[in-house]
Amino acid sequence: MNRLTTLAAALKRGEPILIGGALFDMDGTIVDSIAAVESAWRIWAAEHGAPVPSSTMHGKTAGAVVLASGLSGSAHERAVARLAEIEARPGQKLTSLPGAQRLLAALPDGRWGVVTSAARDVAVARLGATELTAPAFRVTGDDVTQSKPAAEPFLLGIQQLAQRGHVGVVIAFEDTVAGATSATAAGCLVIGVLGTDTREQLEECAHVVVDTLEAVRIESTGDRLLVRLD
């Protein structure tokens, strides 16, 4: 049994564990935006005469979504830019998911960040459309060469925490298989959050699965964060 498995087992028993920092996916994890994402996909697909992306594309970048539609070359680049434009359109009314606001408010500034496949403008727009506390940093689809499920997004998130002096086990919260696979590959302790993919799917790639973030408690204790599950 490795360290992360041991920590996950402690959480499942209701015991607290100490970690160095936390990373959160955005869409479907802290922001209730899956409907907005799928609406943007439908608008984009209609404009481009492309099939509407399937639910398996949740957690992946706009570039990956467009590539799966079959568009390539200069048409691909234009289509990616247009999809990001639609996703960042003003006037969207978004809310946070259960437990997200309380959990983020309990975290000291700099001890957590967002790791999302959304483009930077989209991430700023969506987080700005909620009441959530702004993160100290964001790793977005614009920052990576390999998107989720590759490890790069969460490795960059871990680097951001380390640059702020926060080392040790990093916990990652994800709602999709692509995201949980990415976080696991980066060496995070992964908590899957239901809402997009099923419990059975998330259990294949996350260490622990919870119904909502309401089940998670985090408090600051010196240079570490204390985490437990209700």
Side-chain angles (χ1 to χ4, degrees), residues 24-97 114-130 138-157 172-186 192-202 204-206:
F24 294 82
D25 172 56
M26 182 178 69
D27 296 311
T29 299
I30 59 174
V31 179
D32 187 6
S33 53
I34 295 301
V37 171
E38 293 181 347
S39 173
W41 286 353
R42 289 192 293 271
I43 293 169
W44 175 86
E47 288 183 359
H48 290 77
V52 177
S54 75
S55 61
T56 60
M57 298 309 296
H58 282 301
K60 299 183 181 181
T61 63
V65 171
V66 171
L67 189 62
S69 75
L71 294 177
S72 59
S74 60
H76 175 271
E77 294 176 6
R78 291 193 299 272
V80 170
R82 177 55 181 154
L83 179 54
E85 181 181 36
I86 296 170
E87 290 183 320
R89 65 195 185 280
Q92 298 181 74
K93 301 297 183 182
L94 302 175
T95 60
S96 62
L97 285 161
V114 165
V115 178
T116 176
S117 293
R120 181 163 295 276
D121 288 350
V122 176
V124 170
R126 285 191 183 143
L127 286 171
T130 73
R138 302 175 182 86
V139 176
T140 72
D142 295 334
D143 301 316
V144 300
T145 56
Q146 290 185 300
S147 63
K148 302 173 185 179
E152 184 182 357
F154 280 96
L155 287 174
L156 291 178
F173 297 89
E174 268 286 357
D175 67 306
T176 67
V177 168
T181 301
S182 171
T184 300
V193 184
L194 294 182
T196 304
D197 287 338
T198 67
R199 179 179 296 276
E200 291 74 19
Q201 289 172 318
L202 288 173
E204 291 293 322
C205 47

task: Any chance you could lay out the side-chain contact (heavy atoms from CB on, under 4.5 Å) test for Ile30 and Ser96, step after step, and finish with the verdict?
output: CA-CA 6 Å; Ile30 59 174; Ser96 62; 6.0 Å; no
Side chain proximity check, [X] to [Y], heavy atoms < 4.5 angstrom:
| X | Y | answer |
| --- | --- | --- |
| Val65 | Leu83 | yes |
| Arg126 | Glu87 | yes |
| Thr130 | Thr95 | no |
| Glu47 | Ile86 | yes |
| Phe154 | Glu174 | yes |
| Val66 | His48 | no |
| Thr176 | Leu202 | no |
| Leu97 | Asp32 | yes |

Smallest separation among heavy atoms of [X] and [Y], with atom names:
| X | Y | value |
| --- | --- | --- |
| Val122 | Ala84 | CG2-O, 3.4 Å |
| Pro153 | Ala150 | CD-O, 3.2 Å |
| Gly63 | Val80 | CA-CG2, 3.7 Å |
| Ala118 | Met26 | CB-CE, 3.9 Å |
| Gly157 | Val115 | CA-CG2, 4.3 Å |

query: Charged N to carboxylate O under 4.0 angstrom, Asp25 versus Lys148?
result: yes
Would the distance check show the side chain of [X] and the main-chain N or O of [Y] forming a donor-acceptor pair, the cut-off being under 3.5 Å?
| X | Y | result |
| --- | --- | --- |
| Thr184 | Ala180 | yes |
| Thr61 | Ala64 | yes |
| Trp44 | Ala79 | yes |

- prompt: Please walk me through it: do Val139 and Thr116 pass side-chain contact (heavy atoms from CB on, under 4.5 Å)?
  reply: CA-CA 6 Å; Val139 176; Thr116 176; over 6 Å; no
If I take atom [atom1] from residue [X] and atom [atom2] from residue [Y], how far apart are they, to the nearest 0.5 angstrom?
| X | Y | atom1 | atom2 | result |
| --- | --- | --- | --- | --- |
| Glu152 | Ser147 | CD | OG | 9.0 Å |
| Asp197 | Glu204 | CG | CD | 12.0 Å |
| Ser182 | Lys60 | OG | NZ | 11.5 Å |
| Phe24 | Thr29 | CZ | OG1 | 9.5 Å |
| Trp41 | Ser54 | CH2 | OG | 7.0 Å |

- request: Using the salt bridge (Lys or Arg N to Asp or Glu O under 4.0 Å) rule, take Asp143 and Arg138 through it: C-alpha gap first, then chi angles, then the decisive distance, then the call.
  value: CA-CA 9 Å; Asp143 301 316; Arg138 302 175 182 86; over 6 Å; no
- prompt: Can you list the residues that meet the side-chain contact (heavy atoms from CB on, under 4.5 Å) rule with Ile34, with sequence neighbours excluded?
  reply: Asp27, Glu38, His58, Asp175, Thr196
